[in-house]
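Some notes on the structure that comes next.
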Amino acid sequence: MNAIKQLFGGNTRQFGMIFALVALIVFFQFMTGGVILTPDNVINLVNGYSYILILAIGMVLVIIAGHIDLSVGSVAAFVGIVVALTMRDWHLPWYMGIVVGLVLGALIGAWQGFFVAYVGIPAFIVTLAGMLLFRGANQYFGKSLTVPVPTDFQFIGAGYLNEVGPDTGYNNLTLLVGFIIVAALIWSGLRNHRKAVALGADVKPLWVTITKLVILCAVVLYATYLFATGRPGTSFPVPGIILGVLVLAYGFIAARTTIGRHIYAVGGNRHAAALSGVKSKRTDFLVILNMAVLAGLAGMIFVARSNASGPSDGVGWELDAIAAVFIGGAAVTGGVGTVVGSMIGGLVMAVLNNGLQLMGVGSDMTQIIKGLVLLAAVVFDVYNKSQGKASFIGLMMKKLGGRDNPDLAVAEPLRDAVRTES
């Protein structure tokens, strides 16, 4: 038992959501006769849920800042239809279509961010209006019709890593990506351990670090095997690559940059942040703008995967993104949350959806179960805090990221923000 406590930081509850994810996978693997972890199903899972996870990246920053964005599904649908129309009617190349979509998302974000940050209208109201406005705009400009997109554009939503090199029976590029990730994990883990020892910090025994690395590397290698052995013509999906890059970038922004610390400070205590010199209005503006840009990207990926933009695109996406963030450990009151935690929450929802579909459960019961899971996750987190305990996802990220991870409590990011401004 002592070894387990050392391995998991003395509090296994902090890994509750990871355990829940593993338990769901094991449960559905048994109930579906092994289908859940087949290469084709895992590839489809990444393809079919990557756009929601991209939305969750932006949504977690919005929620950390103390806001909520209800317009992301409608914004994604509107950007999707505009991009499809410009490529069809103006004969724009696919890459210019992507530029148009990102610029349009930024303009929408600036529009909504202005009302939230500088007019002072609550984000809930502004984005509720945006949800109605851009849903109607999607149907108005698209005339409630389906608009196809070019084959080249479809690559960002339905493409895979190409086959290169000799015929090994696997996708070589996928194998290379997996090996690079494993090497990076090992290098980073051992480097952090050596630095901690050199600084004289209180560190866990080396065997704990090695055991964690073995577990992580085993998971990565198994996932690499699944992606590299799919049906001919498939491998690691392009949407998964886009998602991975965004997770790394936004994880770094949230944990290691001034704007990231300001977002946590504003969400934790807006008045104290303002008194310390943090420009809360600019912070609010940027998180809303960023959310719309990511919504536009998610909409384009979905349209590319569906081969066309339609009037029903984006319906309910905001709810899935918000659920992923709260299941991943974000606080309803703001100031707490992580990009990685939101990805874990999103994967819980994705596996739950996928497993229930494979079992033949109807959409009615699926919605009921998803609602209960969301409620249970928030209730459990609120209960922990009411008992004077930290959020278990927050604790998990602290152990994974060290004291420099700013999502764990309000005091630390606020203190760092004050030091930055001073």
Side-chain angles (χ1 to χ4, degrees), residues 50-80 98-119 121-124 126-127 130-131 134 242-267 270 273 278-302 314 317-318 320-322 324-325 328 330 334-343 346 406-407 413 417:
S50 58
Y51 61 93
I52 295 295
L53 294 177
I54 289 174
L55 290 177
I57 293 174
M59 189 65 74
V60 70
L61 298 180
V62 172
I63 290 174
I64 289 169
H67 303 296
I68 202 79
D69 193 332
L70 300 177
S71 69
V72 293
S74 296
V75 171
F78 178 61
V79 170
I98 295 175
V99 172
V100 168
L102 294 177
V103 171
L104 180 58
L107 291 174
I108 294 171
W111 162 267
Q112 297 193 134
F114 170 78
F115 285 105
V116 172
Y118 297 106
V119 180
I121 302 175
F124 180 89
V126 173
T127 58
M131 180 176 68
F134 296 113
I242 297 173
L243 174 63
V245 171
L246 290 174
V247 169
L248 291 175
Y250 279 89
F252 176 81
I253 290 171
R256 305 288 180 178
T257 67
T258 300
I259 183 61
R261 296 180 185 278
H262 285 184
I263 292 172
Y264 284 99
V266 168
R270 180 173 298 272
V278 175
K279 298 179 179 178
S280 58
K281 291 184 178 180
R282 184 183 66 179
T283 301
D284 291 336
F285 179 82
L286 290 176
V287 296
I288 298 297
L289 185 149
N290 175 74
M291 181 71 260
V293 172
L294 290 180
L297 176 60
M300 288 188 287
I301 288 176
F302 180 82
W317 291 8
E318 60 278 346
D320 285 335
I322 293 169
V325 172
V336 176
T338 66
V339 172
V340 174
S342 297
M343 294 302 98
D407 353 353

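Note that the numbering runs from 1 along the sequence shown for the chain.
If you take CG on Leu297 and CD1 on Ile242, they are separated by 6.0 Å, rounding to the nearest 0.5 Å. Atom OG1 of Thr283 and atom CD1 of Ile64 lie 12.5 Å apart (nearest 0.5 Å). Atom CG of Leu61 sits about 10.5 Å away from atom OG1 of Thr338, to the nearest 0.5 Å. Atoms CD1 and CD1, on Ile301 and Ile98 in that order, are 9.0 Å from each other to the nearest 0.5 Å. In this structure, CZ in Arg270 is found 4.0 Å from CG in Asp284, a value given to the nearest 0.5 Å. One finds the OH atom of Tyr250 at 4.0 Å from the CG atom of Leu294 (value rounded to the nearest 0.5 Å).
In terms of heavy atoms, Ala255 sits closest to Arg261 at O-NH2, 3.3 Å. Of all heavy-atom pairs spanning Leu55 and Ala295, the tightest one is CD2-CA, 3.5 Å. Minimum interatomic distance between Met291 and Gly58 (heavy atoms only, all atoms of both residues): SD-C, 3.3 Å. Nearest heavy atom pair, residue Ile54 against residue Ala298, reads CG2-CB, 4.3 Å. Across Glu318 and Asp69, no two heavy atoms sit closer than the pair CB-O, 4.1 Å. Contact record, Ala123 with Ile68: CB-O, 3.6 Å, taken as the closest heavy-atom pair.
Side-chain contact between Thr257 and His262 is absent, with no heavy atoms from C-beta onward closer than 4.5 Å. When side chains are defined from C-beta on, Val247 does not count as touching Leu53, because their heavy atoms never get closer than 4.5 Å. Contact check for Val79 versus Met300: side-chain heavy atoms found under the 4.5 Å cut-off. Between Ile322 and Met59 the shortest side-chain heavy-atom distance falls below 4.5 Å. Counting heavy atoms from C-beta on, the side chains of Val62 and Thr127 never come closer than 4.5 Å. Residues His67 and Val266 form no side-chain contact, since every pair of their non-hydrogen atoms from C-beta on lies 4.5 Å or further apart. With a 4.5 Å cut-off on side-chain heavy atoms, Ile288 and Phe115 do not count as touching.
Note: Tyr118 and Phe114 have tilted aromatic rings, judged against thresholds of 30 and 60 degrees for the angle between ring planes. Ring planes of Trp317 and Phe302: perpendicular class, angle over 60° (limits at 30 and 60°).
Tyr264 places a side-chain N or O within donor-acceptor distance of the main-chain N or O of Gly337, the cut-off being under 3.5 Å.
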